[in-house]
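First the structure, in the form of structure tokens, and then the observations on it.
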Number of protein chains: 2
Amino acid sequence: MPSKLRELSLEEVGMSLHSNAIHLLRDVRTEDSAMGIGPAQASALSVVVFGGPLSLNELAEAEQVRPPTMSRIVEALVREGLVRREANRDDRRSIIISSTDKGTKIIHEGRSRREKRLIKLLSQLDADEIRCLGRASRILSRILVAKHS
Amino acid sequence: MPSKLRELSLEEVGMSLHSNAIHLLRDVRTEDSAMGIGPAQASALSVVVFGGPLSLNELAEAEQVRPPTMSRIVEALVREGLVRREANRDDRRSIIISSTDKGTKIIHEGRSRREKRLIKLLSQLDADEIRCLGRASRILSRILVAKHS
DNA sequence: GCTAATCATTAGCCATGCTAAGTATGCAAA
DNA sequence: TTTGCATACTTAGCATGGCTAATGATTAGC
């Protein structure tokens, strides 16, 4: 065993990262229940708010679910007055989904709550540790994007 | 702004970490469908396999769901021959849930598939980047545990 | 103008979360 | 001891969110 703080193997780093990612999400997601809508609706609405008006297929693809699943989610969001569903005049098979003021508002509030929760967690750390997490996040982002090629 | 690679704010690090954690999980979870059981069953079975025999309440708490939810999940696992449900002689209100050979086998196979997927993702990185992820994982682990106190 | 492809929806299945209520058992105090 | 409360699990019933298959409406291509 060469080093004092011995090297972690790829497997160990991977599994540990996996486990900690699960727990981080679980922790942060607890803030989401305050939005009063389910997680799938919250996530889809977030895409509509930040990703501009888009079609049902585009939204389904962004959320990695099938169109019928997204159709039902959008139906619920429309019923709750959080998004609008309008006809697309260029292609009348298609619809244009856009956020209402109410939808935009609750997503920004939700994002704000998540941020507060994350900040509360991360504020225990020193600057060097924050830098480490920032770098780790960039590394993850890179390999997760690379896999699509 | 002092530094060349400017400092990331707490908010930015947090939100970016959150987003990347979501995508990491989404990627790795795709391997889980090969187990042929749903994610809740897979996760519960994993706890039984690695966490030894335990009661329904203990399992529900470990998985952060209510007892009725876990009762139904265990019922499915029993039906599929992946766990055993035995009487507890010391307290006949309670049950003892333990893994069968079949259950243990598919969890180890699933874990192995997840590891392979993670290794495939992480093997694109150099040693220094791996160390960074390892350290980040330990940091996350520490703050996630600390919040319980 | 037909035919095929595409976009969205409907219908119906399953899994997984919940609460409320029921059953069986254990425990403690009258 | 018995009475009554607490605990462990199950059952029943509801909501959400995933899926496939099939339908309807519209567009695109030959």
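Chain letters run A, B, ... following the sequence lines, proteins first and then strands; every chain starts at 1.
Proximity note for B:N57 (side chain, C-beta onward) versus D:dT16, D:dA8, C:dT10: the nearest is D:dA8. The side chain of B:V65 lies closest to C:dG17, out of C:dT16, D:dT27, C:dG17. Listed nucleotides D:dG18, C:dT9, D:dT11 differ in distance to A:P67; the shortest reach to its side chain belongs to C:dT9. Taking the side chain of A:A40 as heavy atoms from C-beta on, and the options D:dG18, D:dT10, C:dC18, the nearest nucleotide is D:dG18. When distances run from any side-chain atom of A:T69 to the nucleotides D:dC9, C:dT9, D:dC19, the shortest one goes to D:dC19. With D:dC9, D:dT20, C:dT19 as the candidates, the nucleotide lying closest to the side chain of B:I95 is D:dC9. The listed nucleotides are C:dC13, D:dT27, C:dT9; the one nearest the side chain of A:R93 is D:dT27. For A:R72, whose side chain is taken as the heavy atoms from C-beta onward, the closest listed nucleotide among C:dT25, C:dG12, C:dA8 is C:dG12. For A:I73, whose side chain is taken as the heavy atoms from C-beta onward, the closest listed nucleotide among D:dG18, D:dT20, D:dT11 is D:dG18. Among C:dA20, C:dG26, D:dT26, the nucleotide with an atom closest to any side-chain atom of B:R92 is C:dG26.
With salt bridges taken as basic N to acidic carboxylate O contacts below 4.0 Å, one links B:R142 and A:E129.
At a threshold of 4.0 angstrom between heavy atoms, the contacts of B:Q41 are confined to the sugar-phosphate backbone, with no base atom among them.
Two residues, A:D90 and A:R66, neighbour DNA chain D, and the one matched to the more 5' nucleotide by heavy-atom proximity is A:R66.
At least one side-chain heavy atom of A:M35 sits less than 4.5 Å from a side-chain heavy atom of A:I107.
Between B:S94 and the phosphate of D:dC9, there is a side-chain N or O to OP1/OP2 separation shorter than 4.0 Å.
In this model, no donor atom of one side chain and acceptor atom of the other lie less than 3.5 Å apart for B:S94 and B:S55.
Each of B:R111, B:R113, B:R114 was scored for a salt bridge (Lys or Arg N to Asp or Glu O under 4.0 Å) with B:D32, with one residue passing: B:R114.
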